[in-house]
Engineer: 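Sharing a structure below in structure tokens format, with a few things to ask.
We count ligands from 1, going down the list as the structure has it; atoms in each ligand are counted the same way.
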Amino acid sequence: MSRILKAVIPAAGLGTRFSPITNAIPKELLPVVDRASIQYVVDEACEAGIEEIIIVISEAKESIRQYFDRLTSTTSASIKYVYQHEQLGLGHAILCCSEAIGQESFAVLLPDDIIHDEKGALTQLLEIYSRVGSSVIAVQRVLPEFISSYGIIEPTVADDVIKVIGLIEKPEIDKAPSDFGIVGRYILSPMVLEILSTINTGALGEIQLTDALAQLVSSQDLYAVHIQGERFDVGNPTGLLKASIVLALRRQDTATDFKGFLGSIL
Ligand code: UTP
């Protein structure tokens with residue numbers, strides 16, 4: 001089993017939930033306290049020992065590149081950029097990285113999910129990967145009212161790890177096989193790229209990663225890790241606000257001032 005050296009960060013989406021700010025600024029550059037939200041996942045990848053980060057952007061999102069060009073001296077991994085010219089979905093964004101990835105297993109981190117824990121979420125996945133040696137995805141328990149917004153796994157327990165035997169994207173609650181929802185961290189075998197290359201755009205005009213994973217389980221093992229940590233969905237405005245408030249309260253340099261302010265308005 002080879003070490004995971006490369007990580008893909010898909011950041012080419014349209015970000016319509018942040019319209020109109022995304023007319024001028026990619027949502028991934030919106031700040032959480034004093035840094036771009038995407039920097040939290042870049043830092044998490046570096047902490048996990050990733051050596052090469054591949055960020056998927058579009059021509060309209062060059063400013064992401066400019067942001068990191070000025071930071072690279074503080075980033076331990078090298079950063080490469082791959083362009084997705086048409087927004088055909090997350091699966092397609094990953095497929096655009098086939099050449100850059102080659103035949104190795106690789107990590108994927110979605111910048112929409114900031115996960116705050118002492119041990120980074122990707123590090124938690126890598127620990128299980130080093131035991132099982134095949135694809136691993138992160139899951140957390142999802143409240144019933146949110147199940148229809150997630151990819152949900154059908155799990156079995158195998159030697160104290162969760163084995164995935166099926167996946168359903170955004171099921172109705174009565175069709176959900178569990179309450180384990182997929183969150184944005186993955187370690188994937190290169191076979192996922194092969195499968196993605198054969199998938200047509202579905203009803204929504206997008207190539208879905210979950211569809212590729214659902215196919216993967218019929219020929220390769222896929223495991224899930226119930227990861228620890230507070231997760232913020234910074235892909236929507238209220239999630240970004242929550243992340244900003246909680247992380248400002250967790251940081252020594254901002255906590256006292258901010259706590260005082262919150263106390264004064266509540
Ligand atoms: P989302 O489904 O959140 O889409 O993508 P989005 O376009 O970013 O946001 P909305 O729904 O329009 O508000 C999940 C992740 O996949 C990336 C996004 O950048 C985000 O990190 N993505 C999505 C791509 O890179 N390319 C795509 O074609 C679609």
Engineer: Give the atom numbers and elements of ligand 1 that come within less than 4.0 Å of a heavy atom of L88.
Structural biologist: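 Near L88, the atoms of ligand 1 are 28 (O).
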Engineer: Between side-chain atoms of residues 149-156 and protein atoms elsewhere (two or more places apart, or another chain), which donor-acceptor pairs fall under 3.5 Å?
Structural biologist:
from : atom 1 : to   : atom 2 : distance (Å)
Y150 : OH     : R231 : NH1    : 3.2
Y150 : OH     : R231 : NH2    : 2.9

Engineer: Taking the six-membered ring for Trp and the full ring for Phe, Tyr or His, determine whether the centres of H116 and F232 are under 6.0 Å apart.
Structural biologist: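 So the answer is no for these two rings.
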Engineer: Kindly indicate whether the side chain of V136, heavy atoms from C-beta on, has any atom under 4.5 Å from the side chain of L188.
Structural biologist: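 Sidechains of L188 and V136: no contact.
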Engineer: Decide whether an N or O pair under 3.5 Å exists between G235 and ligand 1.
Structural biologist: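 No.
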Engineer: Looking only at protein heavy atoms, identify the closest one to atom 3 (O) of ligand 1 and say how far it is in Å.
Structural biologist: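 Going atom by atom, the protein heavy atom closest to atom 3 (O) of ligand 1 ends up being R17 NH2, 2.7 Å.
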Engineer: Just jot down the ligand 1 atoms closer than 4.0 angstrom to any heavy atom of A11, in number order.
Structural biologist: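 With A11 as reference, the close atoms of ligand 1 come out as 19 (O), 25 (O).
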Engineer: What are the atoms of ligand 1, with element, lying closer than 4.0 Å to any heavy atom of Q87?
Structural biologist: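 Selected atoms, number and element: 28 (O).
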Engineer: Of all the heavy-atom pairs spanning A12 and I57, show the shortest one and how long it is.
Structural biologist: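 Minimum heavy-atom separation between A12 and I57: CB-C, 3.7 Å.
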Engineer: Any ion pair linking D112 and K27 (charged N to carboxylate O, less than 4.0 Å)?
Structural biologist: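 Looking at D112 together with K27, the answer is yes, because their closest N to O distance falls below 4.0 Å.
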Engineer: Can you tell me which residue and heavy atom of the protein come closest to atom 26 (N) of ligand 1, and the distance to 0.1 Å?
Structural biologist: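 Of the protein heavy atoms, Q84 OE1, 2.7 Å lies nearest.
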Engineer: Could you say whether the N/O atoms of A12 and ligand 1 ever approach to under 3.5 Å?
Structural biologist: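 Yes: some nitrogen or oxygen of A12 is under 3.5 Å from one in ligand 1.
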Engineer: Do NZ/NE/NH1/NH2 and the carboxylate oxygens of D253 and R251 come within less than 4.0 Å?
Structural biologist: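 The answer is yes: the pair qualifies as a salt bridge.
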Engineer: Return yes or no for this condition: an N or O of L14 is under 3.5 Å from an N or O of ligand 1.
Structural biologist: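 N/O-N/O distance under 3.5 Å: yes.
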Engineer: Do T22 side-chain atoms and G15 backbone N/O form a donor-acceptor pair below 3.5 Å?
Structural biologist: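 Yes, the answer is positive, given that a donor and an acceptor are paired below the 3.5 Å cut-off.
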Engineer: Taking the basic N atoms (NZ, or NE/NH1/NH2) and the acidic carboxylate oxygens, is any pair closer than 4.0 Å for E104 and K6?
Structural biologist: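 Result for this pair is yes, salt bridge flagged.
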Engineer: Could you list which atoms of ligand 1 come closer than 4.0 Å to a heavy atom of K27?
Structural biologist: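 Counting from 1, the qualifying ligand atoms are 3 (O), 6 (P), 8 (O), 9 (O).
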Engineer: List ligand 1 atoms under 4.0 Å from P111, heavy atoms only on the residue side.
Structural biologist: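 The list of qualifying atoms is 21 (O).
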Engineer: When you measure from atom 19 (O) of ligand 1 to every protein heavy atom, which one gives the shortest distance, and what is it?
Structural biologist: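 Of every protein heavy atom, G13 N, 3.0 Å lies nearest to atom 19 (O) of ligand 1.
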Engineer: Among all protein heavy atoms in this structure, tell me which lies nearest to atom 16 (O) of ligand 1, with the distance rounded to 0.1 Å.
Structural biologist: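 Among all protein heavy atoms, the one nearest atom 16 (O) of ligand 1 is L90 CD1, 3.7 Å.
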Engineer: Which residues pass the side-chain contact (heavy atoms from CB on, under 4.5 Å) test with E99, not counting sequence neighbours?
Structural biologist: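 None.
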Engineer: Would one find an N or O of T16, backbone or side chain, under 3.5 Å from an N or O of ligand 1?
Structural biologist: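 Yes, at least one N or O pair falls under 3.5 Å.
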Engineer: What's the shortest distance from atom 28 (O) of ligand 1 to any protein heavy atom, and which residue and atom give it?
Structural biologist: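 Atom 28 (O) of ligand 1 sits closest to the protein heavy atom G89 N, 2.8 Å.
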Engineer: Of all the non-hydrogen atoms in the protein, which one sits nearest to atom 5 (O) of ligand 1, and at what distance?
Structural biologist: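 Minimum-distance protein heavy atom for atom 5 (O) of ligand 1 reads D112 OD2, 4.4 Å.
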Engineer: Should you measure from each heavy atom of E28, which atoms of ligand 1 turn up under 4.0 Å away?
Structural biologist: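 Close to E28: 19 (O).
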Engineer: If you have a sec, work out which protein heavy atom is nearest atom 21 (O) of ligand 1 and how many Å separate them, to one decimal?
Structural biologist: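 Its nearest protein heavy-atom neighbour is P10 O, 2.8 Å.
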Engineer: Polar-atom distance check: F18 versus ligand 1, any N or O pair below 3.5 Å?
Structural biologist: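 So ligand 1 has no N or O lying under 3.5 Å from an N or O of F18.
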Engineer: At a 4.0 Å threshold, what atoms of ligand 1 neighbour a non-hydrogen atom of A93?
Structural biologist: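 Near A93, the atoms of ligand 1 are 24 (C), 25 (O), 26 (N).
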Engineer: With heavy-atom distances below 4.5 Å as the criterion, would you say the side chains of V41 and R185 are in contact?
Structural biologist: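 Side-chain contact under 4.5 Å: yes.
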Engineer: Do the charged groups of K119 and E44 touch, with an N to O distance under 4.0 Å?
Structural biologist: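 No.
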Engineer: Return the CD1 to CG distance between I207 and L90, rounded to the nearest 0.5 Å.
Structural biologist: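 If I round to the nearest 0.5 Å, the distance is 10.5 Å.
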